[in-house]
Amino acid sequence: MQLRQKVIFLAVAPLIVALCAIALFVRQQAIALAHEQHATIQQAYLASKQAELRHYVDLASHSIAHLTASGRSDPATLAEAKRILQSLSFGDDGYFFVYDMQGRNLMHPRQPELVGRDLWNLHDQFGAPTIQNIVAVAKQGGGLVRYNWVKPSTNKAGPKLGYVVPIPQWGWVMGSGLYLDDVQSALDQVDAQQSRNIETTMWWIAGVAILATLVIGGAGLALNISESRVADTKLKALAQRVVDSQEQERARLSRDLHDGISQWLVSIKLQIEAGIIRMKGTPDQQLQAHASFERTAEELNKVLGEVRRISHDLRPTLLDDLGLAAALDHLAEEFSQHSGTPVTFTAAGDVEHLPQAVGTVLFRIAQEALTNIERHAGAHHIDLSLQTGAGRVLLTIADDGAGFDAEGVATHPQRGIGLRNMMERLDAIGGRLDIASSAAGTTVCASVELEV
């Protein structure tokens, strides 16, 4: 995985994790709120049903109050009371019923087939004794009772909330009830709406997560494309500089060979040929040939010196023979001679046993830094130092010339090729390049960790 992909992943992953955590938290809170709302609505519904039942039963009690207050319990009075209660109804499933204290049904307007039957041992589908519970509540003075009973409109058993009161003058249990399936239906609708709201919220969070991921991915892609274009531009410039450097080096070698060594060799060849001819002549000519051979030997020495100079420019033999410190000292001396800018070189620590790759890279960095100083800085003095310690080697080149914008030059596609070359050389061996530049001068530090 490339660095840019890692950065994008590290940006997206925490966002996804955070959104997932938020989604889970919101979902848990929404579910808890839905349960609380369910309980609140259920309690409110039941409270309204209970109040409604009390009002219905109170109304029925008042409708036969004149009969119960008369003190009569003859069949005619009881029949009149049943007639009045049977005529009272509220909806298809709202009615009043009457039982005696032994569980025998005395009146049931929706199920007349139950009248006169002993229902004391009647149990619902869950095994609960329905009539016994109703009579027990009535004997305690009346109140609410829950049981299951057949709903007339659907002819199916369902939960019912009843309210019963005793009529002690006649030994009756009178009451009414409301079926709770409509309450459950309303609660189911509320639960379904809450579930839809939670699902919608989850989808919104998922949409935000996807949108954020796409935005980050798109931004990363745009950045990647932009960086790739800049990198391509830098690479092209670097490749062109490499080609130009190769051509310049070849041109310089061609000039040195043609204008210097080639001319000298031609001159030496002619002198040798002339000396050979004179060696066959008179003694005076032989003496002239001897003098010609001596000049030829001097010319050969000059040719050898020129060859050594060319070889040193390509790669100094001191770097291989005596190490980096000697090569840098020689480089500083040569630079001082041909540029006129004094260079002070110092070395500290064990600088004689550096790895060959490290020595080569640091030498090339010193060459590049001195070249940049000569071209751009206009410095009056240069300090070149090499030191080792704490498991690393440090090369420092400091000058008192004009500074530059290091960051701007490093990021400009057409400039800073030399700086990038230095950075790339150090990156190849795990080193680091630090540049500090101001109007007072520039300091270039190249550090490389040494393996133990």
Side-chain angles (χ1 to χ4, degrees), residues 1-19 206-252 357-358 360-378 395-399 401-439 441-449:
M1 186 180 291
Q2 297 181 354
L3 178 60
R4 292 188 184 92
Q5 294 174 343
K6 291 180 180 179
V7 171
I8 294 175
F9 174 77
L10 291 176
V12 172
L15 175 63
I16 297 299
V17 172
L19 288 176
V208 171
I210 294 173
L211 180 61
T213 302
L214 292 177
V215 170
I216 295 176
L221 180 61
L223 178 63
N224 193 11
I225 294 174
S226 176
E227 290 294 324
S228 297
R229 290 177 179 174
V230 174
D232 290 340
T233 303
K234 293 180 181 179
L235 184 59
K236 291 178 182 178
L238 181 60
Q240 185 62 41
R241 172 159 180 173
V242 170
V243 173
D244 294 342
S245 298
Q246 290 176 345
E247 293 299 325
Q248 291 174 5
E249 189 66 19
R250 290 172 180 172
R252 185 183 68 81
V358 174
T360 301
V361 169
L362 293 181
F363 182 79
R364 295 305 182 192
I365 289 176
Q367 279 185 320
E368 184 70 31
L370 292 176
T371 301
N372 290 337
I373 292 172
E374 183 181 8
R375 290 179 179 176
H376 309 294
L395 174 67
T396 305
I397 307 100
D399 67 79
F404 66 99
D405 182 7
E407 294 184 359
V409 171
T411 56
H412 197 284
Q414 303 296 336
R415 301 173 60 191
I417 302 296
L419 293 179
R420 285 192 288 274
N421 286 343
M422 296 161 67
M423 293 178 182
E424 290 172 359
R425 288 180 183 273
L426 282 171
D427 287 340
I429 60 173
R432 177 180 175 181
L433 183 70
D434 295 312
I435 301 175
S437 185
S438 64
T442 302
T443 301
V444 177
C445 295
S447 61
V448 181
E449 298 293 332

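Keep in mind the model is a prediction, meaning the values are calculated, not measured.
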Quiz item: Under 3.5 Å, is there a donor-acceptor pair between the side chain of Thr233 and the main chain of Arg229?
Solution: yes
Self-check item: salt bridge (Lys or Arg N to Asp or Glu O under 4.0 Å) partners for Asp427, two or more places apart
Solution: none
Practice problem: Specify the closest pair of heavy atoms between Met422 and Val444, including all atoms of both residues, with the distance to one decimal. | Solution: CE-CG1, 3.8 Å
Exercise. Test side chain to side chain contact (heavy atoms under 4.5 Å, CB included) on Ile397 and Ile373 and set out the steps.
Key: CA-CA 10 Å; Ile397 307 100; Ile373 292 172; 3.8 Å; yes
Quiz item: Taking all atoms of both residues into account, what is the closest heavy-atom pair of Ala446 and Leu426, and its distance?
Solution: CB-CD1, 3.8 Å
Quiz item: Which pair of non-hydrogen atoms, one from Val448 and one from Ile429, has the smallest distance, and what is that distance?
Solution: CG2-CD1, 3.8 Å
Self-check item: Atom pair CD1/CG of Ile365 and Leu433 - distance to nearest 0.5 Å
Solution: 6.0 Å
